[in-house]
Amino acid sequence: MTDISHIQDFLYCETPQAWVDDALNNIDLLLIDHANCEKKAASTAMNLMYRYVDNHDLLNKMSRLAREELRHFEQVMALMKKRGVDYPHIEAAHYAGQLRKPIRTSEPHRLVDILIVGAVIEARSCERFAKIAPFLDDDLQKFYLSLLKSEARHYQDYLKLAQKAAGIDISDRVDVFLSLEKTIIETESDEFRFHSGPLKKC
Ligand SMILES: [Fe+2]
Ligand SMILES: [Fe+2]
């Protein structure tokens, strides 16, 4: 298994076991939302490519990332088809929207913050794939473990781009987003999603 200890150390909390239990009770929903997350990851990367056309490093890294996310999307869809899981429209989790709230509006701060949020989301996704993998059937486990390497690289690419765009130490900003992320991940959610907190107990 790919070593993701640097990602577990980066994040401020581990995925709660209660979320894993919820996921195991909602495997179809996990796959549907996972498919949406991959699609969204590709479009976020492409949005950056449209906005920051003068940043060669960003263009290259985001182009590769978008291709990989779309490939993951195809892989999730294939697994859904194999398992007879339909693909209905579902609302996105509140996670990304909440995480984006502290993004500053003036440049280059805006870019730096968007890239940090990208790093945090990639890191959490990677941590969740690794956390749930041991509990999954062989097929799904193999697929989730195969994603660790690319998602870990995406996290690093985002963080390096953020550091480069800032030109100064970004640890204060990283702390802002990681602290918020910990709160979101540990707060109970009404609906299960790939990036939700544990479900509220009735
Ligand atoms: Fe992905
Ligand atoms: Fe990714």
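Since we're looking at a predicted model, the values are computed, not measured. If you read the sequence from its start, that first residue is 1, and numbering goes on from there.
Hydrophobic clustering keeps L58 apart from V53 (ILVMFWY residues linked when any side-chain heavy atoms are closer than 4.5 Å, directly or through intermediates). Cluster annotation: V117 and Y50 are assigned to the same hydrophobic cluster (Ile/Leu/Val/Met/Phe/Trp/Tyr, side-chain heavy-atom contacts under 4.5 Å, transitive). In the hydrophobic clustering of this structure, M80 does not group with L70; members are Ile, Leu, Val, Met, Phe, Trp, Tyr whose side-chain heavy atoms approach within less than 4.5 Å, directly or through other members.
For the residue pair N60 and H56, a side-chain donor N or O sits within less than 3.5 Å of a side-chain acceptor on the partner. Between the side chains of Y87 and D28, not a single donor N or O lies within less than 3.5 Å of an accepting N or O. Side-chain contact annotation: D137 with Q141, donor-acceptor N/O pair under 3.5 Å absent. No side-chain donor-acceptor contact under 3.5 Å links R110 and T105. For S125 and H154, the side-chain atoms include no donor-acceptor pair closer than 3.5 Å. In summary, the side chains of E127 and Y155 do not present any donor paired with an acceptor at a separation below 3.5 Å, with no hydrogens or angles considered.
Shown here for L159 and I170, the closest heavy-atom pair between the two residues is O-CD1, 4.2 Å. Listed here is the closest heavy atom pair of A165 and L115: CB-CD1, 4.3 Å. Contact detail for I168 and Q163: the closest heavy-atom pair is O-NE2, 2.9 Å. Closest approach of A152 to C126, counting heavy atoms only: N-SG, 4.0 Å. Nearest heavy atoms, S196 versus W19: O-CD1, 3.3 Å. Considering all non-hydrogen atoms of both residues, A92 and R193 come closest at C-NE, 4.3 Å.
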Verdict with supporting geometry, E69 and H72, side chain to side chain donor-acceptor pair (under 3.5 Å): CA-CA 5 Å; E69 305 297 21; H72 297 163; 3.2 Å; yes
task: Take F10 and V120, measure what side chain to side chain contact (heavy atoms under 4.5 Å, CB included) needs, and give me the verdict at the end.
output: CA-CA 9 Å; F10 172 73; V120 172; 4.3 Å; yes
message: Walk me through whether L161 and M62 qualify under side chain to side chain contact (heavy atoms under 4.5 Å, CB included).
response: CA-CA 10 Å; L161 286 170; M62 291 299 108; 3.8 Å; yes
task: Please test R83 against L31 for side chain to side chain contact (heavy atoms under 4.5 Å, CB included), starting from the C-alpha separation and ending with a verdict.
output: CA-CA 10 Å; R83 290 164 174 255; L31 288 171; 3.9 Å; yes
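Heavy atoms from other residues, nucleotides or ligands lying under 6.0 Å from CE of M46 number 12 at most. Around the CZ atom of R104, the shell of radius 6.0 Å holds more than 12 heavy atoms that belong to other residues, nucleotides or ligands.
Note that OH of Y12 is 12.5 Å distant from CZ of R124, once rounded to the nearest 0.5 Å. Here I103 contributes atom CD1 and I114 contributes atom CD1; the two are 5.0 Å apart, rounded to the nearest 0.5 Å. Atom CD in E74 sits 12.0 Å away from atom NZ in K39 (nearest 0.5 Å). Distance check, rounded to the nearest 0.5 Å: CE of M77 to CD of E38 gives 11.5 Å. Rounded to the nearest 0.5 angstrom, L48 CG and L59 CG are separated by 9.5 Å. Atom CZ of R153 sits about 12.5 Å away from atom CG of L148, to the nearest 0.5 Å.
At a threshold of 4.0 Å, the pair D138-K142 does not count as salt-bridged, since none of the basic side-chain nitrogens sits closer than that to a carboxylate oxygen. A salt bridge between D113 and R100 is absent, with no side-chain N of the basic residue lying under 4.0 Å from a carboxylate O of the acidic one.
Contact check for I27 versus L136: side-chain heavy atoms found under the 4.5 Å cut-off. When side chains are defined from C-beta on, K82 counts as touching D139, because their heavy atoms get closer than 4.5 Å. You'll find the side chain of N55 reaches within 4.5 Å of the side chain of D57, heavy atoms only. Between I32 and P88 the shortest side-chain heavy-atom distance falls below 4.5 Å. Put simply, the side chain of V176 does not reach to within 4.5 Å of the side chain of D172, judged on heavy atoms. For the pair Y52 and E107, the minimum side-chain heavy-atom distance is below 4.5 Å. Taking the side chain as every heavy atom from C-beta outward, I4 and E151 never approach each other to under 4.5 Å. Counting heavy atoms from C-beta on, the side chains of C37 and D33 come closer than 4.5 Å.
Checking each of R128, E186, K131 against T15 for a side-chain hydrogen bond (donor to acceptor under 3.5 Å, both in side chains) leaves exactly one that passes, namely R128.
Taking the six-membered ring wherever Trp is involved, the centroid distance between the rings of Y144 and H34 falls below 6.0 Å. Here Y95 and F194 keep their ring centres 6.0 angstrom or further from each other.
Looking at K149, its side chain never comes within 3.5 Å of a backbone N or O of L147 through a donor-acceptor pair.
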